[in-house]
**Q** 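Questions regarding the structure given below will be posed in turn.
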Amino acid sequence: MNELLVIWSILASQILLGLAMACALFRVIRGPRAQDRILGLDALYINAMLLLLTFGIRTANSIYFEAALIIALLGFVSSIAFAKFLMRGEVIE
Amino acid sequence: MTHLTDLPLWAAIPVCILLLAGSAVTLVGSIGLIRLKTFYGRLHAPTLGSSAGTVLICLASMITFAVLQNRWIFHEVLIIVFIVLTTPVTLMLLGQAALYRDRIEDSEVVPRKAAGETPSPSEADI
Amino acid sequence: MRYWFPYPLLSVSLLLFWLLINQSLSPGHILLGVLLGIAFAWAMVNLQPQKTRMSHYGTAARLVAHVAVDVFASNIAVIGVILRGRAKPGFVAIDIGLRDENALAFLACIVTATPGTAWVEFDRQTSVLLIHVLDLDDAHVLAELIKSRYETPLKEIFE
Amino acid sequence: MELVLSAGIGVLTASGVWLLFRPRTYQVIIGLSLLSYAVNLFIFGMGRLRVDAPPVLEPGGTGGLLTHADPIPQALVLTAIVIGFAMTALFLVILLASRGFTGTDHVDGRE
Amino acid sequence: MLLLLVLAPFVGSIAALCIPAHKGTVSAWLAGSIALFCLATAAGLYPVIASGKALRYSVEWLPELGLNFTLRLDGFAWMFAILIAAIGLLVVVYARYYMSASDPVPRFFSLFLAFMGAMLGLVLSGNLILLAFFWELTSIISFLLIGYWHQNAAARDGARMALTVTGTGGLCMFIGLILIGHIVGSYDLDVVLASGNVIREHPLYTTVLVLILLGALTKSAQFPFHFWLPQAMAAPTPVSAYLHSATLVKAGIFLLTRLWPVLAGTDQWFWIVGLAGLSTLLLGAYFAIFQQDMKGLLAYSTISHLGLITALLSLGSPLAAVAAIFHTMNHATFKASLFMAAGIIDHETGTRDMRRLSGLFRFMPFTATLAMVAAAAMAGVPLLNGFLSKEMFFAEAIETHKYNLLDTVTPYVATLASIFSVTYSLRFIHSVFFGPPPHDLPKAPHEPPHWMRAPIEFLVLACLVVGVIPALTVGPFLHTAVQSVLGEATPVYSLAVWHGWNVPLLMSLIALAGGTALFLMMKSYLATSIEGPPLFRRLEGQRIFERVLVTLSWKWARSIEMRAGTRRLQQQMRILVALSIAAGTIVLFSHGFNPAKILFRSIDPAFALIWLVGMACAVGAAYQAKFHRLASLVLLGGAGLVTCLTFVWLSAPDLAVTQLLVEIVTTVLILLGLRWLPKRIENQDDPAMMTISVRLRRLRDLAMAVFAGLGMMLISYTVMRREIPETISSYFLERAYGEGGGTNVVNVILVDFRGFDTLGEIGVLCIVALTVFALLLRFRPATESLEAPEQQRFQNAFDDDHPDRKKGDSITEYLLVPSVIMRWMFPVIGMLAAFLFFRGHDLPGGGFAAGIAMSIAFILQYMAGGTRWVEERLRIHPLRWMAIGLTVATATGLGAWVFGYPFLTSHSQYISLPVIGKIPLATAILFDLGVFALVLGATVLILIALAHQSVRAPRAQARAAKTAAKEAG
Amino acid sequence: MNWFDHLIILPILVPLVTAACLIPVDARNQMLKGVIGFCSTVLVFVIGIALMQAAATPDEGQSGAMVYLLGNWPAPFGITLVLDRLSALMLVLTSLLALATQVFSMARWHRAGYHFHSLFQFMLAGLNGAFLTGDLFNLFVFFEMMLAASYGLLLHGSGPLRVKAGVHYVAINLAASSLFLIGVSLIYGATGTLNMADLALRISTMGPESRMLMETGAALLGIAFLVKAGMWPLGFWLPATYSAATPPVAAIFAILTKVGIYIILRLSLLLFGPDAGTSMGFGQPLLLYGGLLTIGFGTVGVLASQAMGRLAGYCVLVSSGTLMAAIGLGNGAIIGGALYYLVSSTLTICAFFLLIELVERARDAGADVLAVTMEAYGDLDENEEEREEGEAVPGTMAVLGLCFCICALLLSGLPPLSGFLAKFAMLHGLFNPGDLGGQEPVSGAEWTYVGLLILSGLSAMIALNRVGIRTFWTSIEGTIPRVFLIEITPVLVLLSACLFLSFQAGPAMRYMDATAKALADPQNYIGRVTTAPRAGSQGGQ
Ligand code: NA
Ligand code: NA
């Protein structure tokens with residue numbers, strides 16, 4: 001019973017997160033402006049990180065945690081690089 | 001090796017709820033990314049995932065590992081902290097960049113340079 | 001003392017980070033964490049971030065609690081907005097008295113982490129903060145709320 | 001899983017190869033990056049797909065291919081990732097230099 | 001002795017090179033003594049070979065391949081050696097006076113000696129390959145000799161043509177000789193000469209024959225390869241005298257004669273050689289009549305005489321062969337003397353044009369007499385040596401050898417050619433020495449110095465003596481030569497002036513009479529006519545040759561090069577992909593490839609969803625790469641992210657971590673580069689521009705791309721669905737902890753089992769960083785990228801426009817809050833890097849990931865504060881980090897040597913410390929430290945070097961502007 | 001293990017460490033860097049000679065292959081280095097080329113850019129690694145090292161031409177490297193091993209499906225190598241690249257195509273030899289016809305080229321095609337000659353590239369490219385005023401002319417030098433697969449090969465003749481170039497090496513034949529690798 005519950009709810013939540021990624025991707029592809037795409041990418045990263053966390057729960061293995069942590073800690077670097085590129089035309093001045 | 005199926009029911013229920021809630025909130029946020037009409041509106045959408053979504057799923061993770069591996073160090077906290085610290089940086093920079101670009105294009109929806117200052121004609125040109 | 005431990009709070013936080021990330025409280029990790037914490041604090045000296053002395057830890061705790069509650073509430077509100085698909089977005093300009101850049105950073109994090117409000121621009125000359133609000137009822141109420149609920153405690157803690 | 005991953009590899013390859021045939025240096029660099037994802041995944045797939053069987057042993061233990069994923073392709077992919085990164089950097093700089101000298105970003109240095 | 005005979009000229013040649021350019025006389029003496037030495041040596045060897053035995057000398061060179069340095073002197077070779085040495089000596093004496101002091105005379109004699117050596121080597125070769133070796137050597141040196149006066153365009157062209165023609169022939173002959181070796185089983189001349197029947201009956205006989213004849217006929221200027229010889233007359237006269245009398249052109253004759261016993265006697269031989277010989281004989285003589293250049297006349301006469309010899313050889317009868325050998329000797333003597341005489345006239349008068357020359361008898365009676373005798377020998381006047389061999393030729397011509405047309409026409413052709421030859425000989429003498437005195441010659445003619453004339457005197461004397469008493473003088477020598485060629489087939493022949501009244505004599509008389517008559521008829525025409533024979537004037541071999549050469553080697557080659565090759569990258573990529581697809585497809589389908597059955601049941605819906613996103617990212621990135629570069633980059637990031645997720649999903653946490661970190665750095669990197677690229681290309685695909693061919697090309701590209709993708713998909717699916725074979729990984733999984741001291745098998749592989757790969761890989765990173773650095777130091781941005789990006793210009797202008805703002809306020813304000821957070825992140829990321837580093841051996845992480853993470857920490861500071869801000873505060877020495885990293889990693893590996901183990905043998909141990917407890921210590925950690933340092937250094941160097949361009953470019957621009965202003969002002 | 005056992009790895013490590021040590025040395029001490037690099041190369045050369053001797057010394061009745069187990073892990077698990085006659089030969093050849101080009105570069109060209117000597121040493125390490133390794137993936141790594149360094153060296157000195165060529169060169173090679181990876185991993189996926197010897201063992205007993213996949217992998221791998229070897233139509237990048245590179249770089253690049261040839265030779269004989277079952281002779285038709293087409297294209301290109309650099313580039317193609325077709329003929333007797341040809345043509349081409357620059361200095365006085373690049377976009381280039389090393393050589397034109405003649409003879413395969421002997425050795429082997437005098441028929445492809453061999457020599461002769469005449473015989477008004485002793489000496493050394501090869505043809509050919517025999521019978525190699533003992537009694541722990 002609880003096996004079924006856990007497995008199905010994890011699967012459901014992964015699908016939800018997958019759909020969330022798809023939504024973010026929609027924004028990336030659709031635009032219309034560069035800032036929308038970057039925002040979409042940022043959301044994509046966050047969703048992916050959450051997906052990794054659910055994957056850790058699903059496998060009951062904390063070995064995948066670092067990947068999530070790295071997204072949390074460093075994922076923003078590329079986003080701000082994009083943002084700064086938009087604002088200033090170059091990343092490092 | 002431990003398996004998720006070893007999770008007792010009393011723990012499984014909150015974990016499931018937290019997971020579903022977290023991912024649902026995140027999904028809603030991402031839907032917002034589609035549904036909201038303006039960029040500034042969409043700027044708020046990812047924060048759902050980065051606040052409630054992250055917290056809820058991290059909580060689920062904490063409970064799972066605490067129960068399954070009898071481990072009481074919640075390193076998931078780190079994720080919450082870092083997400084809270086770093087997401088604003090992105091959004092802030094993006095918001096400012098968008099504002100700048102809209103001002104360049106003389107868009108009507110954005111205010112001029114911070115309140116108290118009336119936009120000068122030269123500024124309207126840029 | 002200051003020379004050896006230029007940023008004690010940072011070193012402590014780093015130690016904590018180290019222990020959490022290693023999921024260990026073994027003496028070896030504590031030693032390594034302390035060493036690394038101090039080493040990186042020294043490295044920070046070169047980057048010269050503004051040094052601030054933090055105090056009023058009670059206020060800080062209260063602030064954290066407030067933020068948690070607000071974030072929770074605004075999550076629900078924003079979910080509503082998105083699902084309903086109706087909102088009255090708008091920009092709000094707020095005069096901010098904070099000078100300390102670390103405090104400002106905290107305020108930025110709070111405002112942005114709270115769904116529904118987004119930090120857009122801060123004019124250092126005029127100390128005017130521009131935020132974007134997803135569902136704006138009354139700009140003045142919101143401005144007052146932010147000033148009283150976040151700015152004042154931050155001022156207390158950092159200045 | 002195999003089907004999904006191989007379809008993914010296929011799409012990445014096709015996109016990458018399509019870009020290799022394009023005339024702009026930027027298209028080529030994106031193409032090479034996509035291709036390198038495809039290649040990395042391909043190498044990875046050569047060790048067969050396993051879910052939740054990372055090649056990390058219990059302390060003091062030994063492992064085998066029944067309980068763990070094949071570590072060799074993973075090691076190979078790691079090397080390939082590093083080399084791929086290096087080559088992307090290099091190619092990028094070369095195409096910047098090329099544009100600097102020729103004034104165009106056409107791969108042949110002229111329109 | 002034989003070795004000495006061949007080596008002496010080469011030694012002399014090198015010695016002559018060392019003589020300073022102005023000491024011409026010394027080099028002449030050197031050359032003369034070498035030639036004399038060779039002559040004496042060869043003469044001294046006569047008693048040994050007179051008995052019919054061959055003298056041999058052999059040194060191993062390439063014994064495995066049957067190539068030895070074998071020299072072999074028999075009668076025939078001896079005869080040639082004597083000719084080469086003797087005429088060589090005479091030419092040296094002549095050249096001593098002929099060459100002017102302004103020429104680099106030592107170089108002349110050096111080449112001359114080298115040529116003599118090559119020629120001696122050729123005739124003395126006892127090994128077919130050695131023969132080919134010296135054969136080509138003569139071609140090459142003759143090229144240099146003919147082109148000696150290289151300031152003269154005619155000399156250059158002549159030299160080039162000679163080399164091209166004879167070199168080509170030589171290469172063909174080389175193959176032919178190798179084939180003979182293949183047939184006979186040895187390259188040794190003795191063996192080959194004894195295997196005539198084997199060769200003639202072999203299926204490859206015709207091939208061999210054609211190839212060898214190509215060599216021989218080109219060398220001896222037989223029709224239709226004759227045209228190079230007249231062109232070669234641009235050489236100094238001593239060269240012509242030597243090359244075209246006794247040596248170069250005779251090499252072909254030598255070869256034909258040498259191989260006569262094994263190749264001759266067949267129909268093929270008869271037809272090919274005969275046709276070539278007879279047509280050359282006739283045409284050469286005909287052409288000679290109409291030459292206006294003395295040397296040209298002599299050149300064509302040489303061609304004609306060579307044709308005569310060839311024709312003799314073609315007949316396949318031993319007597320004819322005797323005649324051929326005899327005529328070879330005779331021709332050498334009279335032709336050498338004639339060339340020298342022509343040279344003297346040219347030397348003393350300054351021209352060789354027979355229309356301008358006349359009546360020189362008055363000025364140089366002695367030379368004229370000599371020339372007349374030699375010319376008479378050439379014409380075949382009785383009592384001179386030319387008569388004897390020509391008589392033998394006539395005798396053979398009327399014999400019937402084979403019943404065919406060619407054999408039937410031979411006597412007529414022979415007579416006609418002889419008529420011509422009398423005509424041109426008469427013409428040569430008459431127009432130069434008789435008639436009215438010459439006017440406006442470049443120089444006033446007079447007799448040459450005595451020693452310059454001496455060689456001619458000697459040669460003409462030889463003509464006379466041999467012509468009068470042949471049997472007593474050359475008889476024995478000729479016999480030895482003939483016997484060495486024909487062996488048991490040596491016929492009975494008699495060398496006598498008078499054989500009674502017979503048909504050959506009749507033919508000779510007809511020739512003399514007819515020739516004289518013809519000359520008288522044409523005298524006036526020839527005195528004024530333009531160069532070249534009527535009828536064939538247009539058909540100039542050398543011009544055709546030049547045109548063919550230009551067309552073939554220039555126009556056609558270029559158009560083929562353009563058509564069969566491409567210089568465009570896109571084409572090359574298409575070819576590469578197409579070939580790969582073809583290779584894969586052919587192999588797969590030759591094995592009856594059957595794609596594995598597609599299985600839908602094991603699909604994880606979440607995973608499938610992720611990959612839908614991934615595929616959309618890939619396709620989107622490909623689509624946007626042209627129009628919206630930033631969007632393409634964003635989508636590329638999405639694809640990378642999906643790749644990371646896949647790695648996590650499929651049990652590769654190490655890969656996921658590394659890929660993520662690399663992803664971030666790559667994005668920053670490309671963004672840094674995007675600054676210098678054109679921003680956005682507007683969609684120019686307006687439908688009118690889309691021609692059908694463009695559409696088709698795109699469709700083809702698309703088809704290829706899809707095919708490639710499909711192929712990769714099928715192959716990977718097939719492999720992944722198969723059972724895993726017995727692989728070497730089990731070994732690693734079993735021993736990673738026990739012997740490698742780590743639980744993360746991937747990391748143990750990287751730093752221990754296959755640490756050498758990692759060493760190489762960080763080497764690559766290091767190289768790339770250095771390259772990027774070096775290239776960027778020379779970076780010159782495109783002009784439109786030079787100025788600051790428009791955003792910055794606007795923002796700076798805004799700051800300038802407002803009195804309350806300083807320049808740069810905008811950026812400070814923009815980054816005010818973010819930079820605080822970014823700065824505080826530095827130690828945090830550093831801790832993360834340390835964490836990744838320390839746990840790498842046991843859990844996902846490692847030196848590489850740590851290095852990249854640390855470099856991200858630095859980059860973040862650069863983004864927050866800008867280049868200058870950071871570099872005022874942090875001293876990063878990426879180059880040093882790189883050097884240290886590579887050294888540490890290598891040194892760790894070397895440490896194993898001390899303990900007697902191979903490179904990179906690792907050692908791990910747990911050490912117990914008080915309080916802290918057991919800590920693992922593995923040398924692999926040290927190796928990983930090296931990796932960390934290098935990766936950090938390299939990544940930072942690459943990114944920072946790129947970032948520096950934003951600082952450098954404006955600085956360089958400012959400097960350029962300043963310089964320009966200074967120049968203007 | 002005694003110290004001699006470690007000698008095998010030194011040709012990789014010495015340049016690697018030298019490169020590392022040279023990185024932080026200031027660019028102003030370029031001469032110091034050069035001298036250090038030179039010492040390293042000399043050391044590698046000496047080691048190479050020692051290794052060659054060791055490889056050639058018969059050991060227990062067989063020609064010995066020395067095996068080095070890296071990390072003391074037994075084959076086929078760890079990475080192994082294998083030294084046999086072939087790899088030793090390539091090592092010596094490489095270091096000889098390196099010595100010459102390095103000395104040449106020290107006259108001026110090493111100052112045209114930055115980190116020349118480090119990159120040069122890296123390239124040596126990569127080349128030597130590729131020659132020594134016995135592991136497919138390790139081969140990839142060293143291939144990449146070599147290529148990465150070659151990118152750097154090609155771009156050395158920057159400038160529009162080099163950068164333009166660089167874009168093509170790098171793009172093509174990156175695509176080819178992807179193929180390399182796909183091929184290697186496919187082979188691993190099908191067979192479960194990366195060790196070449198182990199792979200050879202497994203091939204004989206392989207199931208049909210594995211064989212299919214393995215062969216597909218090998219085919220893709222082959223394409224990748226053929227790109228490097230410059231096979232038509234994969235080698236169009238080559239002439240442009242080689243002619244754009246700075247002279248010493250182009251000269252050392254002469255060995256790069258040979259790496260592709262080396263690997264093809266090594267793998268095709270090791271993996272697809274007589275024991276390979278149905279895979280025997282895999283890929284040979286492609287090599288044969290591709291090689292023939294390459295010779296043809298190279299020949300045409302040689303004729304069509306006006307610039308000497310391009311001409312030399314096409315000569316590289318001809319040489320490469322000749323070797324490919326020789327391998328593709330599947331005739332063991334030709335391999336010995338082909339190896340001799342490989343050595344001779346590589347030395348020649350290297351010398352020719354060096355010579356070209358010296359000669360072209362005479363043609364236009366303003367050709368001091370170095371000075372041009374220096375002042376055009378200098379930033380940190382203040383210290384780059386023309387400093388010349390060494391003394392100018394008297395009689396320059398005569399020496400250059402002589403060298404040019406020798407090069408022309410060597411390239412067109414005319415006597416008296418090794419080019420001729422090489423051609424003879426190959427043709428001899430072609431016609432006489434068994435002993436001399438065996439009456440094996442000659443096939444059409446073989447005739448084509450013979451014809452093309454002759455034609456290519458002919459075209460080289462015509463083209464070089466043309467160029468040589470234009471340069472040495474018509475340019476009276478051309479200035480006499482300033483050539484320094486350390487520039488002409490390397491050329492002379494390389495050419496004397498060819499001379500040496502000609503005089504010592506007997507011993508050289510014996511070495512090559514023994515090498516060819518060892519390659520034709522890989523059992524010894526396989527046995528040595530798979531039974532190589534580990535150091536220490538209980539392994540290295
Ligand atoms: Na991001
Ligand atoms: Na917010």
Side-chain angles (χ1 to χ4, degrees), chain B residues 24-25 27-56 65 69 71-78 80-96 98-100 109-111 113-117, chain C residues 13 16-17 19-25 67-68 70-95 105-135 139:
Chain B
V25 170
L27 178 60
V28 171
S30 299
I31 290 174
L33 220 44
I34 299 180
R35 289 196 65 179
L36 293 168
K37 294 287 181 293
T38 65
F39 170 76
Y40 300 99
R42 293 194 279 268
L43 199 53
H44 301 277
T47 40
L48 285 182
S50 68
S51 56
T54 307
V55 171
L56 294 173
F65 286 104
Q69 299 178 351
R71 191 200 68 193
W72 296 96
I73 295 175
F74 300 120
H75 57 185
E76 286 83 354
V77 170
L78 291 173
I80 300 176
V81 170
F82 291 140
I83 284 285
V84 167
L85 279 176
T86 61
T87 312
V89 179
T90 313
L91 297 184
M92 237 181 283
L93 290 177
L94 262 186
Q96 288 189 66
L99 198 62
Y100 159 76
V109 292
V110 296
K113 185 74 189 166
E117 201 180 300
Chain C
S13 313
L16 207 65
F17 172 45
L19 295 178
L20 267 178
I21 200 176
N22 278 299
Q23 303 173 51
S24 161
L25 283 169
V67 170
D70 291 351
V71 167
F72 183 71
S74 36
N75 258 294
I76 291 169
V78 170
I79 290 174
V81 168
I82 290 173
L83 293 182
R84 264 184 285 119
R86 265 186 291 113
K88 286 183 292 177
F91 289 92
V92 178
I94 308 168
D95 268 310
F106 267 99
L107 183 63
C109 286
I110 293 168
V111 169
T112 312
T114 314
T117 53
W119 177 295
V120 181
E121 192 182 53
F122 179 69
D123 189 322
R124 206 159 47 162
Q125 255 86 34
T126 54
S127 297
V128 172
L129 167 68
L130 186 68
I131 64 174
H132 184 264
V133 184
L134 184 61
D135 197 8

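Naming convention: chains lettered A, B, ... in sequence-line order (proteins, then strands); numbering from 1 in each chain.
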**Q** Taking all heavy atoms of B:His44 and all of C:His132, pick out the closest pair and write down the distance.
**A**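 Heavy atoms of B:His44 and C:His132 come nearest at NE2-ND1, 2.9 Å.
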
**Q** Do you know which of C:Val133, C:Asp95, C:Ile76 has the most heavy-atom pairs with chain B at a distance under 4.5 angstrom?
**A**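 Most heavy-atom pairs within the cutoff with chain B belong to C:Val133.
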
**Q** With a 4.5 angstrom heavy-atom cut-off, could you sort out which part of C:Ser74 is near chain B: side chain, backbone, both or neither?
**A**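 Neither part; nothing is under 4.5 Å.
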
**Q** Tell me whether the count of non-hydrogen atoms from other residues, nucleotides or ligands lying under 6.0 Å of CZ in B:Phe65 goes above 12.
**A**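 Enclosed: over 12 neighbouring heavy atoms sit under 6.0 Å from CZ of B:Phe65.
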
**Q** State, to 0.1 Å, how close B:Leu43 and C:Ala118 come at their nearest heavy-atom pair, and which atoms those are.
**A**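 Scanning both residues, the minimum pair turns out to be CD2-CB, 4.0 Å.
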
**Q** Heavy-atom pairs under 4.5 Å with chain B are the metric here; pick the option from C:Phe72, C:Trp119, C:Phe106, C:Phe91 that has the most.
**A**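 Answer, by heavy-atom pair count under 4.5 Å with chain B: C:Phe91.
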
**Q** Please give me the minimum heavy-atom distance between C:Ala113 and B:Ser51, naming the atom from each residue.
**A**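 Result for this residue pair: O-CB, 3.8 Å.
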
**Q** For B:Thr47 versus C:Thr112, what's the shortest heavy-atom pair and its separation?
**A**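 Smallest interatomic distance, heavy atoms only, reads CG2-O, 3.1 Å.
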
**Q** Please identify, among B:Gly95, B:Pro88, B:Gly41, the residue contributing the most non-hydrogen atom pairs under 4.5 Å to chain C.
**A**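 Most heavy-atom pairs under 4.5 Å with chain C: B:Pro88.
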
**Q** Tell me, for C:Val71 versus chain B, whether the close heavy atoms (under 4.5 Å) come from the side chain, the backbone, both or neither.
**A**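 Interface part for C:Val71: side chain.
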
**Q** Counting heavy-atom pairs under 4.5 Å with chain C, which one of B:Val84, B:Thr87, B:Leu99, B:Thr38 comes out on top?
**A**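 Among B:Val84, B:Thr87, B:Leu99, B:Thr38, the one with the most close pairs to chain C is B:Leu99.
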
**Q** Scan C:Ile79, C:Val78, C:Asn75 and name whichever one has a side chain to side chain contact (heavy atoms under 4.5 Å, CB included) with B:Val28.
**A**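 That would be C:Ile79; it is the only one of C:Ile79, C:Val78, C:Asn75 passing the side chain to side chain contact (heavy atoms under 4.5 Å, CB included) with B:Val28.
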
**Q** With side chains defined as the heavy atoms from C-beta onward, is the minimum distance between C:Cys109 and B:Leu85 less than 4.5 Å?
**A**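 Result yes, sub-4.5 Å side-chain heavy-atom pair found.
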
**Q** So which heavy atom on B:Met92 is nearest to which on C:Ala108, and how close?
**A**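 In this case the closest contact between B:Met92 and C:Ala108 is CE-CB, 3.4 Å.
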
**Q** Can you check whether B:Leu78 reaches C:Phe17 side chain to side chain, under 4.5 Å on heavy atoms?
**A**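 Yes - at least one pair of side-chain heavy atoms lies under 4.5 Å apart.
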
**Q** With a 6.0 Å cut-off (strictly less than), is the heavy-atom count around CZ of B:Phe74, excluding the residue itself, greater than 12?
**A**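 Counting other residues, nucleotides and ligands, CZ of B:Phe74 exceeds 12 neighbours.
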
**Q** Say you draw a straight line from CD of B:Glu76 to CG of C:Leu20; how long is it, rounded to the nearest 0.5 Å?
**A**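 B:Glu76 atom CD to C:Leu20 atom CG measures 9.5 Å (nearest 0.5 Å).
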
